[in-house]
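A quick write-up on the structure given underneath.
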Amino acid sequence: MNHRFTITVARAAVIFVKSVLMHREFLVFKQVGKSPETMTTASTRQEVIEEGRKHLLIEEGRKQLLINLRRRTTREPSFKLATDTLNFLRKVVLHGTYNNLEELLALLRENGLILSGAYPSELVMRNLVLMVCKLARESNSRETNGEFDSPYDSLNKLWKKEDKENQIGRSAKTIRKKLIQAVNDIQIEMETCREHISAQGQYLVHMNDVLIVHSLSTSTTLSSFLAGAKKDKKTRVFSVQIPTEPDDHDAVSISLCEVAGKMCEATKVILSGATVFPDGSCLAPAGGLSICLAAHRHSVPVYVLCAFYKIAPFFVPDSSAVIKHSLPGLPVAMASKWAGRVRVLQPALEMIPANLITLFVSNTASIMPSHIYRLIGDYYHPDDVANY
Amino acid sequence: MPPKGTIARDSIQKKEDDNTLTAVIVADHYETRFAPFLSNQGPWCLHRVCNVPIIDFTIDWILRTEINKIILLVSEKNLDYLKPTEVRWRTFFEQFLLISCRDPASIGDALRELDLRAIISSDFLLITNPATFTNATLRRQVENFRARRKANRNNVMTLIYSRSSHPEKATIGVKKADGKLVLYHRADNPSRFDVDKNYFLDDVVIRNNVTDTGIAICSVNVLVQFSTNFDFRGRDDAIREILANEEILLLNIHVDVLNESECATQINDYKSYLTASALLMDRWLYPLCPDNMFQPDEYVFVSNGQNMYYGVEKEKIGSLAGTQSKAILGSCSMVGASCKIEQAVKVVGSVVGDGTTIGLGTRIRNCIIGRNCRIGRGCLLENAIIGDSVTIPNGYQLEKYAILSSNLRMPADPLNRSVAGYALCTFAPDEDDEGLDFDRVDGGFYLWKLSSGYSMWSKEVKLGNGAEDVFSHADSVDENVLTDEESSPETAEAEPVAVFQEEIFDSMTRILELSFTPQLMNNLILEINSSKLANNISMEDVAKYAFKTFILLNACKTFIGFKELALKWKGLFTNYYKPQKSQVQMLMAIEERFGAQNEDFNKALPNMVHFLYTETGLGILEAPAILEWHESLDASSPIRTLMKRIIDWLKEESEEEDDDDE
Amino acid sequence: MFADKDAIGSEFKKILGSDVEISTGLASIKTLYNILNRSTATTAKELSEELRAAAEALEETDYSSTSIRSACELFTRFISLAPADLLDDKDFTTVLNFYRSRGDLFIERIAKSRTLISDCCRPFFKNNSNILTHSYSKVVLKTLLDAREAGIWFHVYVTESQPDSSGRKMLLALREKGIHSTLVLDAAVGYVMERMDMCFLGAEGVMETGGIINKIGTLNLAVCAKYMNKPVYVMAESIKFVKEYPLNQADIPADFKYSSTAIKSKDLQAEHPQVDYTPPQFITLIFTDLGIMTPAAVGEELIKLYT
Amino acid sequence: MTRKKTIEKKAQTVPSDEPTNNETVASEPSSSTPNEPEATEQVSELVNGVTNLSMTDKERGEMDRQTKSKEQIKAEREAKKAEKANKKANATSKVVASPAPQIQQHAPQIPNGQTLLSTTQVSKLENKKDVTQKPPSPEPKSAIKKDTARGNREVQFDLNTTVLRTPSEETISDLPKMFVFTDLAPNFNVHPVFHTLAARCERGQVADVDDLCEEFLSAFVKFISDWGAERLHNSDADPTALGFDLDLAIRPQLGYLTEDGRWPLPYALGNLVRQLKREIKRLDEPCKHAHTKEDGTVAAELPGGCDKLKELEEWLEETRYSCFELATNSISTHLMQKRKFSKKIVTFDWCRVVNRILLDSLVGEDPDLKHIVVLDQQLNGRGVRHMDTLLDKNVKLDYGDLRSLSVALHKCSIVLIGCSAVLSNGCVAVPKGSLSIALSAQANNIPFMVCAQTFKFVDKVQTYGRMALLGRENMELVPSSLITAIVTDIRIVPPSSAPAILKAKALESQN
């Protein structure tokens, strides 16, 4: 075949697959060969190809996701990222070839690792993968024994034997059905959580409050929260932002330098979290820390908005590794002078310790930092987290 | 701040109308400088910057533009190297073609091949240098181009320039009104060039504060240009052609400049190689930066958030443990996967390839080190390029601007001769790629160099006797180029004749050092011609100054030395001093040299002339020339007296001839 | 039928002696387990009586009564948590066997706990960091060693922790595994604190408040750390959770503060306490074999258990 | 009290020309005779001085009628002109003591003999007022009110206002002097160098309070020399009243700079001015010169006791030196002791003292061990100056704005910030944003150091509001609780000891 004119149309997966299959069966075999069981089950060549097709579909989806991530020139709201990831995972569940929970988990994990290998700093991806894993377990164990008791260790389980063996061997079909259902539920929850958070705005913000908010222009959640607050309450809002950012019409924009001075006027500080860790510390847009410190000094309460998919069940070994720095916001004429000599610091995020935060406003509830761990139980399974 | 306008979304769905752009990348690099690294590891575009194949970077930024068709022009011998790349990227684009050209000698050939196959019907983005990086989405530029095309089909080309100040800056003349290119000058040294007055009549801005990004948006007509005239080697030829006979072709070229926040750079030599990797690692090209470049099967990097990058071992990819940054001091650097770095190693502004080991307390600054090298303890490496699996002994202090190709084992004791600006290899360059010379160095190494006399390291630097100070000079030069943006080209201009003279002096002295071969003579002539063109010197001046410099050579202090050398270099004289004018010039040169108080020369003068005249001698001077010259001498000058004998004798001779005629 | 105290005590000591790695808590549980095995009780009440007596006996030994108590309480609690249908079984031996099987599981689970702890606090180690620890704690030691195994470079500062200068023991243990470590005076905690990145503490008992009871001097360290905004991480097996709510130092039960011999013989006014109570606000996180907990989570756990 | 007496005496003596005591009579001819030829020369110089000046002024006049923006540009160019002129002027003045050039340079003040006289008259009148306990010099105030009423500020330091008036001045020359004075006050009494200074501040060409003070001092030196020169030719200026007259002469200048006291001078500058005034007062205290008079070595003395001005100029020069060169040196030497431990230094915004310290701290150090971080209010702000000086030192450099604060302070050993004033309660006035840095520094247990020369200590406790000249300067106060130490040219002191410094340097305000 003539390599020079190999045309592979990426967008239409099916066409692509067909054209590929013409001369790529060997490849298919190889890929399916990864999991021996599937080889045995897929007895006839037709099935093998069929599975190969599915496998390629998954790869396709993954590549699509990664391309879109790569194509972006600025960081998009993590909601979009979350939905994209979830859709991809749904695809995995749908087209993936597995006969039992273990295989499914393995498959999810494999894909998850590739994703987070590509973007180690996008913790939301990890969260969602783990979330789906947990759902998979649930949907499996629902199959087995009616109620699904918390998998987390606690004192009164120390003498219970983990009954792993009675969980395997449920039919993949049912798992798939239930799991897809569950994933769709999550989807819905994700879509609604912005409203839920903004709904809490009415209760958390009081009359004549003076709010200091950060990175209003980038966080849709924050803006909707404020909208919710403003609905029936009269508030003044200082929005901390860099001069280049577009400023919100009904918020007085101030620069980060002025925050410490302004803090004495404020009654509440509201940030939008990027990731929340089990101990109640969180990653927030850079500059958040100095705001929190100022607030702490004036004992102004600090609320952090975080949708449930931003709550991470794990700790990162090195927070600096997940904090990306972006383009130095300087004229390029300086580049050749500075490159290699000066490091221009442009962190996107910043780690805020738990003791500076008053309350986390999640879509389900508003909780103290020290109680974040409770939520983790609802969304993640320890075994998944452990071997991630 | 990131470049405005996220091209991503609307570029996904394909445009209906057929003005979709195609990116045409010439995968091979025709820069002889890089030869030391290409011989054994594929085409230049697979060479690694920041441990990532150059081509991947290039394609990655194209991914961020609206383009979704890519054509890679690659020479047949490199075709197989690029297969993996194709597989890797194919699915990201609507169309991804590898086109192999039968051993192209230049970019021109490749493009001709492309035109021959008639694959491209629509406009295309021409990238002649695979190592061309930018973080611009080019949206505005493309829109402008299309608008111009709509307005006038003959607006065939848009050259894209960036504001980033680069040592070698283009100097271009652009019409204020529509950004039409009227003056194009891109020599290696844009310090001086001629501008006709009429350029300034219709208001034209001459700017040298912009840099050519090497990216151009072209219509098919440009390809036609290439296929019509077969002598075109590069893009510049086409541009010059179009500009030169504008009224015949009626084609226009325009210029578009990227905005303040959009950075662009390309790699032409090792200096820019280092610069580019620094720019990438310091995120000036964000989102085009190493930790956004990943191929789960190939390479994955994590950064410590800032500008230290670590390769991730396969088994760790994706796991949280993989993000754990390593205990290495340094900044703006990258350390490949599975490297063994001992304690107290300092790495600054450098790239270290996968699997390399670095010994205790070694310091590395502005280096690019290949894969699987072993570098000893307490070494000091600065401004050097080091190939794969090179071994450097403990406590070695590598010379600056050294280029070590792959598989070298450096001897414990330093080399007896400077390698700055040369490339040290284990093998000789193959004969067929011209423009490369080499010396053998003890330890069985080959020291490559460019026969043009320029440094291997950098385009701007011409190797003199002491390479280092030349470099330091060069650096300082482009420093102040950077600092004063608005410096007009004239300020930098030097007296052309003087420049010319010292240039040929350099070449002569250098050739003197070498063992003489006729080939060398040709090179010398070539160089003289080139510098003639560069400084546009009239033929007379060439004759004059060539000889003047010749007699200034140390070898020519004494008459004997002069004699020998003159005989040896006969080729030179026969080349230049055929016409009588030139001969007169030669004598003038002698005359000028005469005044100076060096007795032996003055004494030797008549003999010299005689020597140059007689058949036994060089026999390139002819009687009329000498006589003419003699006439021109003023009566008082001592030369007359000195020359008297010869002149009379000549006169007699000529008279005799006259008699014979009768 | 009740084995006499000395016998139990000696048995306990024997178990401890047999394995240097074993923790006091685990040892006491094992002792109880042996008693359970030997037990010829015919009613649940009888059995619990027997165990309680044994527990008392254990507490009278000179080992940290905090962890002994917590362990014993847990053990008795667990085995008493039996499904009702079993308890009204005529033949009590079946019940006993059931208890024994649970005991097996329990012990085997406890034995793993240190590994679990050291796993769950791996992410908190950073390269080139300075770590301060107090006195000698097996679980902290194991964690540090594992982290070093995982190829992370750090420097450990150990407080001497008088009167028994158990810090030296810690230092030697670390040194022999090739971890850079320094011994500092208890009084020097304030001095070294500013160069620390984090503090690791063991615990004899984790109170219901989420605060800990630990070797005297812990409080100083924690307070310093708090002042200088350094994280304080406590590592404690879950068998060290105690149903106890000290309000302040004075409120610490005497048998926690003093060795049982001291309680018996000397007058406590003169006696110097061996432990102090570190309130939860000085503790950042608690690593247990149940996972990483905030101090607040401890209370919850205990409530879940003892209700 | 005694002083007042003398004034009264003068007040009486002035109208009647009869000499008060013999000595003066005796001195009169001897002192005046040498002046004759000079005077004539000057007249001629004056004439052409006036002419060419007025010519340029015409152009300016036209420009003035144009749009405001144009006007600004104009004013700027003008400011530059004035500056140049001054440079020339004091250059020459340094060479030769002959005052001719200065006079020529601002001829409008002395178009002809009689205005000279008028000024002296003015001084007399002033004295009268002092006697009658009136608030000093209401005239400049009123005058400036007029100017401000006229609206844009540029007009004020647009020299052509004087020229527009000159004809009128001719006509009214024979009206009562008092009136003349009021009418001409702003134009006569505000010296061009101050116009220049104000103009430069207006355009933010003066980086920070240090530069301002230095410029003010140099400006003042010029002013003095001119003033002295002018006084030289006013034969009946009273030598003993030199300081007094000078003080009067200064007032309008300051009034102008402070926009007539609408804003206070920047505290540091305020200090300098206060000290300056003290010096000027001191001029009149009967000192050795007085005695030399008795000795009869009078001939040497210039009229109006102008020779004393030399002392003053010396004093100014010396202050300038001690406040800037010396102070900076000693500050950086004090910090050198801390060099060993300061591996990573974080600084904020631009301050020349800090910059100097940074450069010094690199001397004789292994650059690899050093790490300097410069934070800026917004990217590509004033902090870039630091970078420009540090770029080629191949020391490890970081640059960023406040968002990168936590990264910058990670493993940082010292935060070093320049300030524009230290209040007596230990607060420091520092560039906006320093407060957040101070807070984070405290959270990370990093010492937060402020460097301030002693002349920046002020005896005030209220907040640091808008200031004259540097009104644009955005400052905030950092409370002493957040400051680890203040590095002064005396030594490194805790913020609590600000009052002590004030006492030591005698900087407390008199009231």
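Every chain is numbered from 1 and lettered A, B, ... according to where its sequence line falls, protein lines coming before strand lines.
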Note, A/Met334 side chain near D/Asn380 side chain (heavy atom, < 4.5 Å): yes

Heavy-atom pair of closest approach, residues D/Leu402 and A/Cys257: CD1-CA, 3.6 Å

Chain D neighbours within residues 265-283 of chain A, where any heavy atom lies under 4.5 Å away: none

D/Leu391 and A/Lys337, any side-chain heavy atoms less than 4.5 Å apart: yes

Best-contacting candidate, D/Leu405, D/Leu390, D/Asp398, against chain A by heavy atom pairs under 4.5 angstrom: D/Asp398

Within-4.5 Å side-chain heavy-atom neighbours: D/Arg403 and A/Gln346: yes

Between A/Pro353, A/Ser290, A/Ala294, A/Pro347, the one whose heavy-atom pairs under 4.5 Å with chain D are most numerous: A/Pro347

Heavy-atom pair with the smallest gap, counting every atom of A/Glu350 and D/Ser406: OE2-OG, 2.5 Å

Closest approach of A/Gly261 to D/Leu435 (non-hydrogen atoms, all atoms of both residues): N-CD2, 4.4 Å

Flag if over 12 foreign heavy atoms under 6.0 Å of NE2, A/His298: yes

Chi angles and distances behind the side chain to side chain contact (heavy atoms under 4.5 Å, CB included) call for A/Arg343, D/His371: CA-CA 11 Å; A/Arg343 187 175 65 170; D/His371 182 180; 3.9 Å; yes

Audit row: A/His296, D/Leu439, side chain to side chain contact (heavy atoms under 4.5 Å, CB included) steps and yes/no: CA-CA 10 Å; A/His296 193 65; D/Leu439 283 167; over 6 Å; no

Close side-chain approach of A/Leu330 and D/Tyr399, heavy atoms under 4.5 Å: yes

Part of A/Leu256 within contact of chain D (heavy atom distance under 4.5 Å): both

Side chain, backbone, both or neither of A/Val344 within contact of chain D (heavy atoms, under 4.5 Å): both

Most chain A-contacting option - heavy-atom pairs closer than 4.5 Å, from D/Val374, D/Ile372, D/Leu482: D/Leu482

Contact leader toward chain A among D/Ser434, D/Gly433, D/Ser404, where contacts are heavy-atom pairs under 4.5 Å: D/Ser404

Inter-residue atom distance A/Ser255.OG - D/Lys432.NZ, 0.5 Å rounding: 8.0 Å

Between D/Ser436, D/Gly400, D/Pro431, D/Ala443, the one whose heavy-atom pairs under 4.5 Å with chain A are most numerous: D/Ser436

Most contacts with chain D, counted as non-hydrogen pairs under 4.5 angstrom, among A/Ile291, A/Val342, A/Leu345, A/Leu289: A/Leu345

Heavy-atom closest contact (D/Ser481 atom, A/Arg297 atom, distance): OG-NH2, 3.6 Å

